[in-house]
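A note on names: the letters A, B, ... follow the listed sequences, proteins ahead of strands, and every chain is numbered from 1. Since we're looking at a predicted model, the values are computed, not measured.
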2 protein chains.
Amino acid sequence: MTAAEKHQAGRNPAAVPQPPGGRCPQPRGGGRLNGRAGIRDVAAAAGVSITTVSDALNGKGRLPDATRSHVREVAERLGYRPSAAARTLRTGKSGLIGLTVTTYGEEPFTFTEYAYFAEMVRAATSTALARGYALVILPAPARRGPGGTVVALGPDVWSNVALDGTVVVDPSDQDPVVGELVRSGLPVVSDGRPSPSLPVAAWVDNDHEAAVRGILDHLAENGARRIGLLTGTSTDTYTRVSTTAYLEWCRRVGQEPVYERYPAHDPCAGAVAADRLLARPDRPDAVYGLFDPNGTDLLAAARRYGLRVPEDLLLVCCSESTSYATTAPPITTLSLKPGRIGTAVVQLLIDVIEGVGPTRPVQQVMPTELIVRTSSRRAGRPVTVSPPRVPATE
Amino acid sequence: MTAAEKHQAGRNPAAVPQPPGGRCPQPRGGGRLNGRAGIRDVAAAAGVSITTVSDALNGKGRLPDATRSHVREVAERLGYRPSAAARTLRTGKSGLIGLTVTTYGEEPFTFTEYAYFAEMVRAATSTALARGYALVILPAPARRGPGGTVVALGPDVWSNVALDGTVVVDPSDQDPVVGELVRSGLPVVSDGRPSPSLPVAAWVDNDHEAAVRGILDHLAENGARRIGLLTGTSTDTYTRVSTTAYLEWCRRVGQEPVYERYPAHDPCAGAVAADRLLARPDRPDAVYGLFDPNGTDLLAAARRYGLRVPEDLLLVCCSESTSYATTAPPITTLSLKPGRIGTAVVQLLIDVIEGVGPTRPVQQVMPTELIVRTSSRRAGRPVTVSPPRVPATE
DNA sequence: CTGAAAGCGCTAACAA
DNA sequence: TTGTTAGCGCTTTCAG
């Protein structure tokens with residue numbers, strides 16, 4: 001067969017005679033441009049080929065400026081919008097980035113419930129958009145139901161959306177789907193150190209150990225003798241690392257650990273745990289709470305037991321909420337700077353997608369910020385602010 | 001030409017002899033499955049046709065259960081993931097819903113900065129996922145720069161993502177892109193009454209007039225004689241409608257309006273405006289603040305002027321933040337119930353996309369909730385809670 | 001510098 | 001019931 005014959009064989013059916021019966025072949029398929037102009041219409045209207053249209057609109061080929069602007073004008077006039085689906089199919093790039101949160105405990109989808117996530121998502125979205133990507137919010141990939149079976153929440157949206165990569169917040173080491181995503185070659189970057197068995201392309205995290213040490217030192221400097229911890233029961237990295245750092249610190253300074261754990265997703269349980277902590281016979285004279293609402297809970301509990309803050313009890317909690325500036329008294333908070341995390345994680349992901357930067361896994365540690373307020377300042381004590389640590393990028 | 005000949009002409013090139021030179025035709029195109037299994041691989045491995053694979057996986061045709069499960073098993077074994085892009089191109093449905101916020105004033109992208117948006121987005125995402133759609137967060141479509149030119153923020157993400165429809169929060173009547181979206185046939189549903197010139201398919205909104213009237217009545221019942229308003233300078237519907245309702249109420253009860261406007265996106269301006277309002281010679285004895293941080297700002301200003309809340313000054317502000325339950329004193333807030341709004345707006349949009357429900361424009365008015373706390377309860381006055389209004393659906 | 005055509009992976013219409 | 005094939009709209013290679 002000659003090359004000409006090959007072309008013959010593949011020729012557009014429109015060029016061959018009609019099938020017997022003379023009727024026109026019906027257009028099939030549901031995606032037919034619904035009255036809107038396609039690239040062919042533009043090409044016809046502009047008197048050029050579709051290649052030229054594509055090149056002109058994407059700034060690709062080396063066309064005369066006149067042609068380019070003419071095509072652009074015609075496209076504009078016809079209200080031509082290129083089909084994102086077709087482009088994605090052809091190029092293999094969708095311009096879409098997934099964002100998913102392995103939520104605390106069994107809570108279904110609490111996403112922006114806490115100020116942390118709100119700010120993190122805001123920054124991530126903004127950064128993605130600035131680099132020409134859009135963020136798709138996706139459900140936690142999978143969860144273990146009773147009996148260890150994987151429970152999907154509703155239809156499998158994951159496989160229905162073409163992603164160039166995805167951000168996983170707080171990846172659980174048990175999640176089989178995250179592992180599968182990575183293995184299938186999709187770039188995955190995580191917020192929070194993943195377990196070593198999850199070979200994500202990069203991760204970003206705060207230095208939680210240093211943050212906890214900084215807080216405990218700060219409390220000790222302000223006169224605390226016995227520092228308690230309010231922590232969670234879940235196995236995410238944040239909870240685990242922070243709790244370990246606390247225990248380690250206690251061991252180092254020779255203090256007996258005093259802590260209460262509760263399921264972090266349940267606000268009522270938090271209030272109860274705060275109460276329990278202050279009801280103990282070995283009541284702490286300072287408490288650090290790992291989760292956002294701990295501050296108010298501890299304040300309420302202190303009030304119930306007639307403890308004055310900061311005179312009888314020093315208080316710090318980890319929170320992004322500005323409302324702690326206006327409680328009575330204002331409460332010292334640790335900010336994880338979620339905005340920076342969101343930005344960093346998306347930058348890293350897009351770098352991986354676009355193949356710029358190192359191909360080795362990247363770990364990026366972001367500084368935290370201790371915002372010292374009345375609740376942790378014992379009268380007559382000097383104010384100490386941990387200086388922001390320099391981000392260490394490997 | 002016979003039907004057989006037609007098929008001949010269109011036959012798969014793989015079935016025809018190689019071109020001269022004997023080399024295989026090079027695969028072109030960038031989207032080539034990167035080592036991963038395609039539907040053809042599954043078909044080959046399972047010993048069936050690709051149609052059967054497609055039908056088996058999508059639960060479409062009427063195949064024997066044996067075939068179906070066999071195909072599923074093979075697909076699973078090969079790690080087959082269907083290409084969302086190809087499916088979208090073919091079916092014309094992407095399963096993607098856009099969500100965009102026309103941000104306040106000139107602020108670039110403040111999205112989840114306020115608890116309202118956080119909760120609204122959370123609910124919208126959750127609802128979308130439950131119905132098999134994912135949410136894509138997109139930038140405000142366009143803004144007027146100096147001189148009236150349309151300013152795009154970064155690359156045009158809008159035209160690069162295949163949407164089945166979109167939610168527009170607080171659509172500005174000047175935005176040309178929203179109008180274009182509607183005109184191009186994309187289903188658009190808005191949170192907030194759109195201007196009549198924007199023919200969206202449906203909208204959801206609170207009854208802001210009724211909410212403002214309810215608050216003013218509540219304050220009056222608690223002894224307020226001169227009620228002030230802290231409002232914004234922007235032209236979005238919420239600000240406009242609320243302010244008008246306030247002025248109308250004043251006219252009706254014969255009170256001279258006392259209000260300050262400020263650019264709502266600027267928190268400092270809010271604090272200054274709160275101060276200004278309480279510094280006036282005709283100082284109000286009650287204030288309603290339209291925006292989230294007004295409560296704390298007004299509280300701080302009241303403290304500066306030595307005004308006791310609620311004895312000297314009654315306070316209400318519109319906010320979704322739970323932190324107002326723990327301020328000193330706790331502040332009465334109006335909740336717009338953003339979760340319900342987010343859910344409703346997505347349900348409506350998906351109904352339109354899927355062609356269920358009425359085709360006429362739908363207006364859905366959602367109730368608000370006044371959470372009465374100490375700041376608006378004058379001692380000795382009875383507590384009054386506006387009963388939640390029944391949602392009126394046309 | 002421009003145009004023809006192949007084909008991305010899938011689904012739906014039709015043929016067998 | 002299963003298989004064959006056209007083609008969704010676009011980008012890209014390659015020939016002219």
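For the side-chain contact (heavy atoms from CB on, under 4.5 Å) test, residues two or more places apart in sequence or in another chain that qualify with B/Leu163 are B/Leu96, B/Val136, B/Leu138, B/Trp158, B/Val161, B/Thr166, B/Leu186. Partners of A/Ala45 according to the side-chain contact (heavy atoms from CB on, under 4.5 Å) rule, which considers only residues two or more places apart in sequence or in another chain, are A/Val74, A/Leu78. For A/Ser49, the side chain to side chain donor-acceptor pair (under 3.5 Å) partners at least two apart in sequence or on another chain are A/Thr52. Looking at residues two or more places apart in sequence or on another chain, you find a side chain to side chain donor-acceptor pair (under 3.5 Å) between A/Ser159 and A/Asp156. Considering only residues two or more places apart in sequence or on other chains, A/Asp164 meets the side chain to side chain donor-acceptor pair (under 3.5 Å) condition with A/Ser94. With sequence neighbours left out, the side-chain contact (heavy atoms from CB on, under 4.5 Å) criterion links B/Ala124 to B/Leu135, B/Val346. With sequence neighbours excluded, no residue forms a side chain to side chain donor-acceptor pair (under 3.5 Å) with B/Ser190.
For B/Leu89, taking side-chain heavy atoms from C-beta onward, the closest of the listed nucleotides D/dC8, C/dC10, C/dA6 is D/dC8.
Distances shorter than 4.0 Å separate none of the side-chain N or O atoms of B/Arg87 from OP1 or OP2 on C/dC10. In terms of phosphate contacts, B/Ser54 brings a side-chain nitrogen or oxygen within less than 4.0 Å of OP1 or OP2 of C/dT11.
A heavy atom lying under 4.0 Å from DNA chain C marks the following residues of residues 64-76 of chain A, by number: A/Pro64, A/Thr67. Residues from residues 44-53 of chain B lying near DNA chain C, meaning a heavy-atom separation below 4.0 Å, are B/Ile50, B/Thr51 in numerical order.
For the pair A/Leu57 CG and D/dT11 P, the interatomic distance rounds to 8 Å; values are reported in whole Å. Going from atom CD1 of B/Ile39 over to atom P of C/dG7 covers 19 Å, rounded to whole Å. Whole-Å rounding puts the A/Arg81 CZ to D/dC8 P distance at 21 Å. Straight-line distance from the CZ atom of B/Arg40 to the P atom of D/dG3: 15 Å, rounded to whole Å. The nearest whole Å value for the distance from the CZ atom in A/Arg90 to the P atom in D/dT12 is 6 Å. To the nearest angstrom, C1' of C/dG9 lies 7 Å from OH of B/Tyr80. Residue B/Asn58 contributes atom CG, which lies 12 Å from atom C1' of C/dA12 at whole-angstrom precision.
The main-chain N or O of B/Pro139 is found under 3.5 Å from a side-chain atom of B/Thr100 such that the two form a donor-acceptor pair. Remark: side-chain polar atoms of B/Asn58 are not paired, donor with acceptor, to backbone N or O of B/Asp55 under 3.5 angstrom. Counting only distance, with no hydrogens or angles, the side chain of A/Ser54 and the backbone of A/Ile50 share no donor-acceptor pair below 3.5 Å.
In the helix from C/dC1-D/dG16 to C/dA16-D/dT1, the rotation axis of the first five pairs and that of the last five pairs differ in direction by 40°, rounded to 10 degrees.
Residue contacts for B/Asp55: at a heavy-atom cut-off of 4.0 Å it reaches no nucleic acid atom on any strand shown.
Applying the salt bridge (Lys or Arg N to Asp or Glu O under 4.0 Å) rule to pairs touching residues 64-79 of chain B yields nothing, sequence neighbours excluded.
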